[in-house]
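Quick notes on the structure that follows.
Computed from heavy atoms alone, side chains included, the values below leave out hydrogens, waters and symmetry copies.
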Amino acid sequence: MNTPSLADMRKNYQQAELLEANVAKHPLDQFTLWLNQAIAAELPEPNAMTLATVSSSLRPSTRIVLIKGYDEQGIVWFTNYDSRKGRELAGNPFAALQFHWVELERVVRIEGRVEKISEADSDTYYHSRPLASRIGAWASPQSQTIASREWLQDELKNYGDKFQQEPPRPPHWGGYRLVPDSWEFWQGGGARLHDRLKYTLNDGQWLMQRLAP
Ligand SMILES: Cc1cc2nc3c(=O)[nH]c(=O)nc-3n(C[C@H](O)[C@H](O)[C@H](O)COP(=O)(O)O)c2cc1C
């Protein structure tokens, strides 16, 4: 099979415009609108977001996580606190999130400081998960090198036998919240004239400005 020419692959965006007059005053309201539209459009995994962290040696890294909640306090996801992202956040709490809703020609970028959510809230979500996921949180030393797939399967069995139906939440597993100080809403436009509206916090007020595409 011939490889298509990557240099010639491009899409012209033309679905919508994002105008100052039509966006919400508060970025959280604009996010709610776009997330709900992405869910209503039945996009594949509209709740998946890229999370970027930076190590103490200033190397950035990204991975995808699922948004599990959001409100005026911030955006929440769950993971292993000892994972690579967890270690990087322990050393440098600033992070960035990105949603790409391809079919809607939309991107949302969110930046801010990350904190752990309360133990009680992590407990509540942990205990809402399917049993296999709860056992998996014990069995998988996320981001570490392991000997083999069989090793992981043995660990799953061992923890399954140990905890049966009621595993407690592992101390190394829980939620994080990114507290935003910047949001960007990007809507693809024709001839690469995309709309970019960025909100930044100024003395507790959200200031909205247009960025060049
Ligand atoms: C769609 C999708 C959703 C994911 N959601 C999560 C999640 O919510 N939490 C998580 O720890 N990993 C999630 N992962 C796995 C991560 O992308 C990543 O492999 C893992 O967290 C290890 O990242 P790290 O080694 O950089 O810490 C998801 C992967 C995909 C493709």
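- For Y70, the ring-ring contact (aromatic ring centres under 6.0 Å, His included) test picks out F31, with sequence neighbours left out.
- Taking both residues in full, the closest heavy atoms of L178 and A95 are given as CD1-O, 3.5 Å, listed atom of the first, atom of the second, then distance.
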Could you list the donor-acceptor pairs under 3.5 angstrom formed between side-chain atoms of residues 37-51 and any protein atom two or more places apart in sequence or on another chain?
from	atom 1	to	atom 2	distance (Å)
Q37	OE1	R106	NH1	2.6
Q37	OE1	R106	NH2	3.4

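- A distance of 11.0 Å separates OG in S182 from CG in L207, rounded to the nearest 0.5 Å.
- With rounding to the nearest 0.5 angstrom, the CG atom of N80 is 4.5 Å from the NE2 atom of H172.
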Can you list the steps and then say if W206 with H26 is a side-chain contact (heavy atoms from CB on, under 4.5 Å)? CA-CA 7 Å; W206 288 104; H26 197 292; 3.4 Å; yes
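- With a 6.0 Å radius and a threshold of 12 heavy atoms from other residues, nucleotides or ligands, E17 has its CD atom at or below the threshold.
- Not a single salt bridge (Lys or Arg N to Asp or Glu O under 4.0 Å) links D121 to another residue, sequence neighbours left out.
- Hydrophobic side-chain contacts under 4.5 Å tie L193 to no other Ile, Leu, Val, Met, Phe, Trp or Tyr residue.
- Side-chain contact check for S61 and R63: at least one donor-acceptor pair (N or O, by modelled atom type) lies under 3.5 Å.
- With hydrogens and angles disregarded, no donor-acceptor distance shorter than 3.5 Å links the side chain of S140 to the backbone of G136.
- Taken to the nearest 0.5 Å, the NZ atom of K157 stands 3.5 Å off from the CG atom of D161.
- Hydrophobic clustering keeps V65 apart from V179 (ILVMFWY residues linked when any side-chain heavy atoms are closer than 4.5 Å, directly or through intermediates).
- Evaluation of the salt bridge (Lys or Arg N to Asp or Glu O under 4.0 Å) rule for D181 yields no partner, not counting sequence neighbours.
- Considering all non-hydrogen atoms of both residues, K116 and Y176 come closest at CG-CE2, 3.9 Å.
- Salt-bridge annotation for R59 and E88: absent, with no side-chain N of the basic residue lying under 4.0 Å from a carboxylate O of the acidic one.
- Scanning both residues, Q73 and D71, for their nearest heavy atoms gives N-OD1, 2.8 Å.
- Residues satisfying the side-chain hydrogen bond (donor to acceptor under 3.5 Å, both in side chains) test with R210, not counting sequence neighbours, are E20, D195.
- When hydrophobic residues (I, L, V, M, F, W, Y) are linked wherever their side-chain heavy atoms come within less than 4.5 Å, V102 remains an isolated member.
- When the shell of 6.0 Å around CD of E166 is examined, it contains 12 or fewer heavy atoms from other residues, nucleotides or ligands.
- At least one side-chain heavy atom of L131 sits less than 4.5 Å from a side-chain heavy atom of Q165.
- Using a 4.5 Å heavy-atom cutoff, the side chains of S55 and N92 are not in contact.
- Looking at L89 and F94, their side chains never come closer than 4.5 Å, going by heavy atoms from C-beta outward.
- The side-chain heavy atoms of K25 and M208, taken from C-beta on, include no pair separated by under 4.5 Å.
- A side-chain N or O of T79 and one of Q142 form a donor-acceptor pair less than 3.5 Å apart.
- Without hydrogens or angle criteria, Q30 side chain to A24 main chain gives a donor-acceptor distance under 3.5 Å.
- A search for ring-ring contact (aromatic ring centres under 6.0 Å, His included) contacts involving Y125 returns F78, not counting sequence neighbours.
- Checked against salt bridge (Lys or Arg N to Asp or Glu O under 4.0 Å), E72 has no partners two or more places apart in sequence or in another chain.
- I67 is not listed as a side-chain neighbour of W77, based on a closest heavy-atom distance of 4.5 Å or more.
- The shortest heavy-atom contact between P180 and I110 is CB-CG2, 3.7 Å.
- Inter-residue side-chain proximity for V107 and Q98 is flagged as met; some heavy-atom pair is nearer than 4.5 Å.
- Legend: residues meeting side chain to side chain contact (heavy atoms under 4.5 Å, CB included) with Y13, ordered by chain and number and at least two apart, are K11, E105, W186, R192, H194.
- A donor-acceptor pair under 3.5 Å is formed between the side chain of S143 and the backbone N or O of R84.
- Using a 4.0 Å cut-off between a side-chain N of Lys or Arg and a carboxylate O of Asp or Glu, R177 and E115 qualify as a salt bridge.
- In this structure, V114 is a member of the same hydrophobic cluster as L97, with clusters built from ILVMFWY side-chain heavy atoms closer than 4.5 Å.
- With sequence neighbours left out, the salt bridge (Lys or Arg N to Asp or Glu O under 4.0 Å) criterion links E103 to no other residue.
- Between W34 and Q187 there is a side-chain heavy-atom pair separated by less than 4.5 Å.
- Separating the CZ atom in F185 from the CG atom in L33 is a distance of 9.0 Å, to the nearest 0.5 Å.
- V108 is not listed as a side-chain neighbour of E184, based on a closest heavy-atom distance of 4.5 Å or more.
- By the criterion of side-chain heavy atoms lying less than 4.5 angstrom apart, applied directly or through intervening Ile, Leu, Val, Met, Phe, Trp or Tyr residues, I146 is not grouped with W138; the two fall into different hydrophobic clusters.
- Under the 4.5 Å side-chain heavy-atom criterion for grouping Ile, Leu, Val, Met, Phe, Trp and Tyr, L66 is not connected to I75 through any hydrophobic cluster.
- Taking CG of L152 as the start and CD of E150 as the end, the distance is 9.5 Å to the nearest 0.5 Å.
- Partners of A137 under the side chain to side chain contact (heavy atoms under 4.5 Å, CB included) rule, at least two apart in sequence or in another chain, are Y126, R129, P170, W173.
- For the pair L156 and I135, the tightest heavy-atom approach, listed with the atom from each and the gap, is O-CG2, 3.6 Å.
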